[in-house]
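All values below come from the heavy atoms of this structure, side chains included, with hydrogens, waters and symmetry mates left out. Note that the coordinates shown come from a computational prediction; the quantities given were computed from them, not determined experimentally.
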Amino acid sequence: MKRVLLMVCSICLVLACVFGLFACVACVQDIQNVKEYKTSDTNTAMEGIEFARENGIKPLKENQQAYLDGADTFSDGLAAYNEGAAKLAAGEKAYAEGKKAYEEGKKAYEEGKQKIADNTQAYNEGKAMLEKIEPLMPYLDQYIQFRDGSLAKLPGFDSAQLWFVGVVRPLAKNLGLEIPEDVTDFPAYMQQMVAEGKAKLKEYEDGLKQLQEAEKMLADAEKQLAEGKAQLDKGRNDLAAGGAQLAEGDAQLNVFEQGEVTLAEGIYTLFHGMVPCYHWYSGEETIMSLPEYMAKELNVAIPDNLIIKNTATGENAPAYVLNEEAYAKLCDDVVAQMYLVDENGEKVVAPGREGFTLLDLDKCSVLFDKAEQYIVDQEADITKEATGRIVVCGLAAVACILGIVAGIIGLVGGISGNGKTGFGCGLVSAILAVAANVVGLITGYTNYIYPTRVNAAGNFVIKFEDMDHYVYSGSLQLKAVIILAVVADVFVIV
C-alpha cells in the first residue's frame, strides 16, 4: 500500500513539476513581452521628448519675443489697414455719389442744350420782331401826340386811331408785321410786342449763359472725378499692398502659433501615454501619471478618484481602471496652468491674434523633465516587479527539476521495491517551492502591475498600434507554484 501511495505521489509530483516548468517558461515569455514593449514605448517617448526640446521648445524660445513684437506690428498694421479700408469705402461711396451727380448734371446740361436749340427759332423770331418794330417807333410818338392833342390834326384823318389804321398798319404790314384788326391801342400793343420780344431774347440769353456756366461746372466736375478716381485707384493699390503685407505677416506669425499648438498637442500625447501604473486587482498606484507630476509642481489639485473599480466584466477585464473623465479634467487643469502670465497673473494674449495665448516654455521644459522622471521611475518599477517574478520562476524551476528527479526515483522505487523514495530531492524541491511562494507573497505575485500586450489572435505584440488588448500576467505562475509547493510537501510527508 505504501509503495502504491509512493507511486501515486511521485506521478503527481512529476506532473506538478512539468506544469510548473511550463508556467515558468510562460512567465519568462510574459516578462520578456512586458520588457520589450515598455522598452519600445520608452524609446519612442524619449525620441519624442528630445525632438520636442530641439524642434519645439528651443526654436519657440528663440522666436517668442520676435513673435510678440511681430504681433504688435501686425496689430498696428491691421488697425491701419482697417482704417484705410474704411476711408477707401467712404471714398468709393463719395466717388459714386459724385459720379451720379455728374451724370445727372450732364443729363441736365444735355437737356439745356436741347432747350437752347429748341428756343433758337423763338429767339430769332423775337429778334426779328424787335427789328420790325424799331421803324414804327417814330409813328408811335406821332400817334401819342395826335391822340393827346399836342399835335395838330394830320391831313385826311380825324383821329389818331384812323391815322393808325390808315397809315401805320399798312406800313407795319409792309415791314412784315401783321397787326391784328382788334388792336385799338397802338402804344399798348407796341409795349406788349417789345416786352414779349425782349423776354424771348432774355430767356434765350439767360439760358445760354447758364449753359455755359453748367458746361464749365461739368468740366470741373469731370476733372475732380478723374482726380478722385486716380486717388481711389491709388488707395486700392495701397490697400492691396497692405493686405499682402498683412497676409505675409500673418503667415509668419502662424508658423510660431502652429508650433505652440503642436507643442500643446504633444503635451496631451505624453499625458495619454504616461498614465498611472497600478496593481491589476487592487488598484493601488505605484507610479504617478505625468499630469500628476506636473500637478504637484504647479499646485493643481489632484482628484482622488483617478483609479476606480471596473464595472465591465470579461475574461481580460481588470478589477480597476483609469477614470477617463477625471483624468481628462486633470490634464486640462494642468495644461491651463502652463500658459505664460504677466505680472498681474493674467495670461499673455498676443495683440491682434484673436485671443491667442502663449505657453510658458519654461514650464514646458519642466514637463519634459518630469516625463523623463516618469520613465525612470517606471523602469525601476518594472525592474522591481520583473526581478521578483524571475526569482520566483528561478526557485520554482529548480524545484521542478529536483521534483521531477525525486518523482522518477520514487516511481522507480515504488515499482521495483528497491527502497529508494527520492526523499532528498523531494525535500529540497519542497523547500524551494515554499521559498518561491514566500518570495512571491513578498513581491506581490497575486496582484502584479504590468500585463502583456497581445493582438486579436492572442499573440504577443510590441507596438501599441498593433495591440488589441492587455492580458493579466501571473495567474498561471501563481497556480503553478502553489500546486508545486503543496504536491512537493505531500510527497515529502508521504
Query raised in the report: Does S475 offer a backbone N or O that forms a donor-acceptor pair with the side chain of Y445 under 3.5 Å?
Result: no

Query raised in the report: Does the side chain of R453 come under 3.5 Å of the side chain of Y470 through a donor N or O and an acceptor N or O?
Result: yes

Query raised in the report: Distance-only, no hydrogens or angles: does the D342 side chain make a donor-acceptor pair with backbone N or O of V348 under 3.5 Å?
Result: no

Query - Interatomic spacing from OH in Y293 to CD in E297 - rounded to 0.5 Å - result: 12.5 Å

Query - Side-chain heavy-atom pair D360, V341 within 4.5 angstrom cut-off - result: no

Query raised in the report: If we only count heavy atoms from C-beta on, is the I375 to M274 side-chain gap below 4.5 Å?
Result: yes

Query - Gap separating the OG1 atom of T357 from the CD atom of E346, nearest 0.5 angstrom - result: 12.0 Å

Query raised in the report: Can any side-chain N or O of E385 pair as donor or acceptor with the backbone N or O of Y450 at less than 3.5 Å?
Result: yes

Query raised in the report: Do you know which two heavy atoms are closest between I302 and A295, and how far apart they sit?
Result: CG1-CB, 3.6 Å

Query raised in the report: Atom SG of C9 and atom CD1 of I493: how far apart are they, to the nearest 0.5 Å?
Result: 9.5 Å

Report task. Report yes if the side chains of M288 and K296 come closer than 4.5 Å at any heavy-atom pair, otherwise no. Result -> yes

Query raised in the report: How about T262 and E265: does a side-chain donor come under 3.5 Å of a side-chain acceptor?
Result: no

Query raised in the report: At their closest point, which heavy atom of V428 faces which heavy atom of L402, and how far apart are they?
Result: CG1-CD1, 3.3 Å

Query - Sole residue of Q29, E36, K35 in side chain to side chain donor-acceptor pair (under 3.5 Å) with Q32 - result: E36

Query raised in the report: Taking the side chain from S429 and the backbone from A399, do they hold a donor-acceptor pair closer than 3.5 Å?
Result: yes

Report summary line: Output for pair (L484 CG, L15 CG), nearest 0.5 Å, gives 12.0 Å

Requested in this report: Could you please spell out the steps behind the side chain to side chain contact (heavy atoms under 4.5 Å, CB included) verdict for L21 and V25?
Outcome: CA-CA 6 Å; L21 286 175; V25 172; 5.6 Å; no

Report summary line: Rounding to 0.5 Å, atoms CG (L6) and CG (L13) come to a distance of 10.5 Å

Report summary line: Taking every heavy atom of A396 against every heavy atom of V481, the minimum-distance pair comes out as CB-CG1, 3.7 Å

Report summary line: Smallest heavy-atom separation, L298 atom then M338 atom, equals CD1-CG, 3.8 Å

Report summary line: Only residue of I449, T446, I307, N447 satisfying side-chain contact (heavy atoms from CB on, under 4.5 Å) with S282 is N447

Query raised in the report: Do Q373 and D377 get their side chains close enough for a donor-acceptor pair, meaning under 3.5 Å?
Result: yes

Report task. Determine yes or no for a side-chain-to-main-chain donor-acceptor pair under 3.5 angstrom, with N63 supplying the side chain and A66 the backbone. Result -> no

Query raised in the report: Does any donor atom in the side chain of Y268 or D332 lie under 3.5 Å from an acceptor atom in the other side chain?
Result: yes

Query raised in the report: Is the distance between the ring centroids of Y472 and Y281 less than 6.0 Å?
Result: yes

Report task. Check step by step if side chain to side chain contact (heavy atoms under 4.5 Å, CB included) holds for L476 and C27. Result -> CA-CA 8 Å; L476 185 65; C27 176; over 6 Å; no

Requested in this report: Using a 4.5 Å cut-off on heavy atoms from C-beta on, say whether the side chain of F464 contacts that of T44.
Outcome: no

Report summary line: One should read off an interatomic distance between I390 CD1 and T383 OG1, to the nearest 0.5 angstrom, of 9.0 Å

Query raised in the report: What do the steps show when you test I287 against Y278 for side chain to side chain contact (heavy atoms under 4.5 Å, CB included), and what is the final call?
Result: CA-CA 7 Å; I287 301 297; Y278 53 90; over 6 Å; no

Requested in this report: Answer yes or no on whether R389 is positioned over the face of Y448, meaning its NZ or CZ is under 6.0 Å from the six-membered ring centre and within 45° of the axis.
Outcome: yes

**Report entry** Residue pair L263 / L60: nearest heavy atoms and the distance that separates them
**Finding:** CD2-CD1, 3.9 Å

Query raised in the report: What ring-ring contact (aromatic ring centres under 6.0 Å, His included) pairs are there with at least one residue in residues 370-427, not counting sequence neighbours?
Result: none

Requested in this report: May I ask you to decide whether D381 forms a salt bridge with K384, counting only side-chain N to carboxylate O separations under 4.0 Å?
Outcome: no

Requested in this report: For N323 and I308, indicate whether the former's side chain and the latter's backbone hold a donor-acceptor pair under 3.5 Å.
Outcome: no

Report task. Measure from the side-chain N and O atoms of N455 to the backbone N and O of A457, and report whether any donor-acceptor pair falls under 3.5 Å. Result -> yes

Query raised in the report: Taking the six-membered ring of Y339 as reference, does the NZ or CZ atom of K347 fall below 6.0 Å from its centre and within a 45° cone about the axis?
Result: yes

Requested in this report: Would you check if the side chain of N437 reaches a backbone N or O of A485 as a donor-acceptor pair within less than 3.5 Å?
Outcome: no

Query - Atom CD of E92: over 12 foreign heavy atoms under 6.0 Å - result: yes

Query - F356 side chain near E260 side chain, heavy-atom distance below 4.5 Å - result: yes

Query raised in the report: T39 and side-chain contact (heavy atoms from CB on, under 4.5 Å): which partner among N43, T42, D41?
Result: N43

Query raised in the report: So does R53 pair up with D369, basic N to acidic O under 4.0 Å?
Result: yes

**Report entry** Residues forming a salt bridge (charged side-chain N to carboxylate O under 4.0 Å, His left out) with D466, sequence neighbours excluded
**Finding:** none

Query raised in the report: Is it the case that D30 and T452 place a side-chain donor and acceptor less than 3.5 Å from each other?
Result: no

Requested in this report: Say whether, by atom type as modelled, one donor and one acceptor occur between the side chain of S10 and the main chain of L411 under 3.5 angstrom.
Outcome: yes

Requested in this report: Might you point out which heavy atoms bring L270 and A371 nearest each other, and give the distance in Å?
Outcome: CD1-CB, 4.4 Å

**Report entry** Side-chain heavy-atom pair M467, Y37 within 4.5 angstrom cut-off
**Finding:** no

Query raised in the report: Is there a side-chain contact between S289 and E292 (heavy atoms, below 4.5 Å)?
Result: yes

Query raised in the report: Hey, does the side chain of Q258 reach the backbone of V255 with a donor-acceptor pair shorter than 3.5 angstrom?
Result: no

Requested in this report: Tell me, with the steps shown, if D362 and V366 meet side chain to side chain contact (heavy atoms under 4.5 Å, CB included).
Outcome: CA-CA 6 Å; D362 291 333; V366 172; 5.8 Å; no

Query raised in the report: Is P451 close to S473 at the side-chain level, that is, under 4.5 Å between some pair of heavy atoms?
Result: no

